[in-house]
Amino acid sequence: EYTLQIQGQITADYEGALQVIEYFRKSLESCSYIKDIQVEPPELEKISPKRVPDQVGVSLTEVKKRRFSLSARFQLK
């Protein structure tokens with residue numbers, strides 16, 4: 001049994017970063033030999049809308065580099 005540790009960085013707003021990380025986690029989960037996936041998501045900064053809050057599609061977080069980490073166990077068959 002082995003431990004996989006990934007430290008990554010995504011350039012996106014907070015919500016977009018979470019979507020990418022979740023997609024990546026689900027892709028790893030589909031591998032039968034990877035177990036116990038743990039994700040440490042990026043930190044969420046203070047939310048401060050810079051535009052009118054009732055606009056459709058307004059992002060409350062800015063696009064920037066966001067760090068995350070992921071760990072999992074895997075066993076080669």
Side-chain angles (χ1 to χ4, degrees):
E1 186 169 289
Y2 300 91
T3 300
L4 170 69
Q5 292 185 323
I6 297 173
Q7 293 193 5
Q9 183 172 288
I10 298 173
T11 301
D13 64 8
Y14 185 77
E15 296 81 6
L18 289 182
Q19 288 176 343
V20 171
I21 293 166
E22 182 62 14
Y23 177 81
F24 184 58
R25 185 188 65 77
K26 285 184 177 183
S27 295
L28 288 174
E29 272 184 347
S30 69
C31 299
S32 61
Y33 51 88
I34 296 180
K35 307 285 183 210
D36 299 331
I37 300 170
Q38 302 293 318
V39 174
E40 184 179 319
E43 287 187 28
L44 176 61
E45 72 271 18
K46 287 185 177 181
I47 297 174
S48 175
K50 295 180 181 176
R51 291 175 261 171
V52 181
D54 61 349
Q55 278 184 316
V56 175
V58 172
S59 176
L60 297 178
T61 58
E62 64 181 297
V63 173
K64 66 179 190 176
K65 293 179 183 177
R66 298 177 183 277
R67 296 175 188 263
F68 73 97
S69 62
L70 179 143
S71 64
R73 293 183 309 120
F74 71 97
Q75 187 169 3
L76 301 176
K77 294 182 178 184

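One finds a salt bridge joining R25 and E22 here, because a Lys/Arg side-chain nitrogen approaches an Asp/Glu carboxylate oxygen to under 4.0 Å.
E45 CD to Y14 OH: the interatomic distance, rounded to the nearest 0.5 Å, is 9.0 Å. To the nearest 0.5 Å, the span separating CG on L28 from CG on L70 amounts to 6.0 Å.
Taken together through direct or relayed side-chain contacts under 4.5 Å among Ile, Leu, Val, Met, Phe, Trp and Tyr, I10 and F24 form part of one hydrophobic cluster. Linking ILVMFWY residues whenever their side-chain heavy atoms come closer than 4.5 Å, directly or via other members, leaves F68 and L44 in distinct clusters.
No side-chain heavy atom of S71 sits under 4.5 Å from any side-chain heavy atom of I37.
Within a 6.0 Å radius of CD in Q9, other residues, nucleotides and ligands contribute more than 12 heavy atoms.
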Identify each donor-acceptor pair in which a side-chain atom of residues 1-8 lies under 3.5 Å from a protein atom, sequence neighbours left out, and give them as a table.
| from | atom 1 | to | atom 2 | distance (Å) |
| --- | --- | --- | --- | --- |
| E1 | OE1 | R73 | NH1 | 2.7 |
| E1 | OE2 | R73 | NH1 | 2.7 |

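Applying the side chain to side chain donor-acceptor pair (under 3.5 Å) rule to Q19 yields no partners; only residues at least two apart in sequence or on another chain are considered.
Across all their heavy atoms, A12 and A17 have their closest contact at CB-N, 3.8 Å.
With K64 contributing its side chain and T61 its backbone, the two residues share no donor-acceptor pair below 3.5 Å.
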